[in-house]
Colleague: 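Sharing a structure with you now.
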There are 2 protein chains.
Amino acid sequence: MDKEALFQQFVAFTTSVHEVTFELTKDVKPEDITPLQYSILEYIAVSQPVTLSQISECKHISMPNTSRELRKLTEKQLCEKFEVPDDRRKQLIRLSESGQAMMNKAFDQIGARFFERIQDLSTEELKGIHHAITILQSKVFDENK
Amino acid sequence: MDKEALFQQFVAFTTSVHEVTFELTKDVKPEDITPLQYSILEYIAVSQPVTLSQISECKHISMPNTSRELRKLTEKQLCEKFEVPDDRRKQLIRLSESGQAMMNKAFDQIGARFFERIQDLSTEELKGIHHAITILQSKVFDENK
DNA sequence: TCTTTTGGTTATCAAATGATAAGTAATGGG
DNA sequence: CCCATTACTTATCATTTGATAACCAAAAGA
């Protein structure tokens, strides 16, 4: 097995993934939201409720900057902070109703483009894709190395 | 075949890919080079020789900004511009020797991390991965939809 | 030839992001 | 109870990036 060739293929593949996700998500970010803020909202949408520290760590943003962006997002009424009873230093973040609506709309658009992209594939092929993703996810892109 | 579930899996997968590529490439960008400049160099490295317009289009950077970043890169002696005989408006960009050396070093580091990541896998598993990437590349992440 | 288009440049400005220092309040461990 | 640590905030500054206008020269088309 030629590992070097596999690496080449891997690099080309990740490039394609970045390019395609760019295509799928472009223009879905609503007006007056910065890319960074959108990516934070995306993370909250998937993982809520989350703490500031979690956002900071997972998105690789320093705590001061995370705090700043989150203030802006709450000012825009897109998410809300809740105190957590057992540790009054922490705060749990959730999308607000309008924030949730916004992200639902965004995901709908992305989904529509995704379905368009796979529309011509047979059930067999879709199964193959599901299987391929499962393999890669578990063997190469798993978080714990 | 539940397309909705496949979409969920797809989203989680692309997130993992972004995360892993971040881990693989972090700290490989040499001092005094901005992220944007690094990504341009990466593109040149893979696709050289390229024109300014190609960089602009593929990396989604406006021509003025592409021109600016490229000027900085040539000032840093990391790439070189060549005139193209049959159309004197165009310029072909290539990595300079030191630019090539820099990118080789970066790719070596990334490769080392990649190999570490797959070191415990059997030949069978590696073949499976190769196959999985081939499937996804052709059916989902192909450029022409 | 005249005009339009293409490929690229320069200059300038605004906005987004990153980095750092300093501070508060709550928690937890001795 | 004291001290260190955690979670988060505020303020400030530098850098990076994005966006726009105005420009030049070569090429291509009528």
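Letters A, B, ... are given to chains in the order of the sequence lines, protein chains preceding strands, and every chain is numbered from 1.
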Colleague: Distance check needed: C/dT17 C1' versus A/Met63 CE, whole Å only.
Modeller: 17 Å
Colleague: Protein-nucleotides 27-30 of chain D N/O pairs closer than 3.5 Å?
Modeller:
from, atom 1, to, atom 2, distance (Å)
D/dA27, OP1, B/Arg88, N, 2.9

Colleague: Step by step, would you call B/Arg117 with B/Arg113 a side chain to side chain contact (heavy atoms under 4.5 Å, CB included)?
Modeller: CA-CA 6 Å; B/Arg117 187 168 268 267; B/Arg113 291 177 188 170; over 6 Å; no
Colleague: So which of A/Thr25, A/Ile133, A/Thr21 actually passes side chain to side chain contact (heavy atoms under 4.5 Å, CB included) with B/Thr14?
Modeller: A/Thr21
Colleague: Which whole-number value in Å describes the distance from B/Asn65 CG to D/dT15 C1'?
Modeller: 15 Å
Colleague: Strictly by side chain to side chain donor-acceptor pair (under 3.5 Å), give each pair with a member in residues 66-75 of chain A just once, sequence neighbours left out.
Modeller: A/Gln37-A/Glu69, A/Asn65-A/Arg68, A/Arg71-A/Glu75
Colleague: Within this structure, what is the CD-to-P distance between B/Gln91 and D/dC24, rounded to whole angstrom?
Modeller: 18 Å
Colleague: Would you say B/Ser96's side chain and B/Gln77's backbone share a donor-acceptor pair under 3.5 angstrom?
Modeller: yes
Colleague: Determine, using the 4.5 Å side-chain heavy-atom cutoff (strictly less than), whether A/Ile55 and A/Val84 are members of one ILVMFWY cluster.
Modeller: no
Colleague: Could you check how far NZ of A/Lys90 sits from P of C/dT27, rounded to whole Å?
Modeller: 11 Å
Colleague: Send over the distance from B/Leu92 CG to C/dG7 P, rounded to a whole Å.
Modeller: 12 Å
Colleague: Kindly say if A/Lys81 contacts the phosphate of D/dT9, meaning a side-chain N or O under 4.0 Å from OP1 or OP2.
Modeller: yes
Colleague: More than 12 foreign heavy atoms under 6.0 Å from CD of B/Glu97: is that the case here?
Modeller: no
Colleague: Could you pull out all residues at least two apart from A/Phe141 that satisfy ring pair (Phe, Tyr, Trp, His ring centres under 6.0 Å)?
Modeller: A/Phe10, B/Phe13
Colleague: For B/Lys76, is the NZ atom crowded, meaning more than 12 foreign heavy atoms sit under 6.0 Å from it?
Modeller: yes
Colleague: What's the angle between the local helix axes at either end of the helix from C/dT1-D/dA30 to C/dG30-D/dC1, using five pairs per end and rounding to 10 degrees?
Modeller: 30°
Colleague: Can you sort out which residues in residues 37-61 of chain B have a heavy atom within less than 4.0 Å of DNA chain C? Ascending by number, please.
Modeller: B/Thr51, B/Leu52, B/Ser53
Colleague: Would A/Val11 and B/Phe114 count as a side chain to side chain contact (heavy atoms under 4.5 Å, CB included) if you check the C-alpha gap in whole Å, the side-chain angles of each, and the deciding distance to 0.1 Å?
Modeller: CA-CA 10 Å; A/Val11 170; B/Phe114 174 72; over 6 Å; no
Colleague: Once you round it to whole Å, what is the distance between P of C/dG18 and NZ of B/Lys29?
Modeller: 12 Å
Colleague: Given the rule in the side-chain hydrogen bond (donor to acceptor under 3.5 Å, both in side chains) test, do A/Glu42 and B/Thr15 qualify, once you have shown the distances and angles that lead to the verdict?
Modeller: CA-CA 10 Å; A/Glu42 224 175 35; B/Thr15 303; over 6 Å; no
Colleague: Does B/Arg68 contact C/dG8 through a side-chain donor or acceptor facing the base, at a distance under 3.5 Å?
Modeller: no
Colleague: In this structure, would A/Leu95 and A/Leu92 fall into the same cluster of hydrophobic residues linked by side-chain contacts under 4.5 Å?
Modeller: no
Colleague: Below 3.5 Å is the cut-off: list the nitrogen or oxygen pairs between protein and nucleotides 14-16 of chain C, distance only.
Modeller:
none

Colleague: Could you check whether any side-chain N or O of B/Glu125 sits under 3.5 Å from a backbone N or O of B/Ser122, counting only pairs where one atom can act as donor and the other as acceptor?
Modeller: yes
Colleague: May I ask you to check whether over 12 heavy atoms, not counting those of A/Lys105, lie within 6.0 Å of atom NZ?
Modeller: no
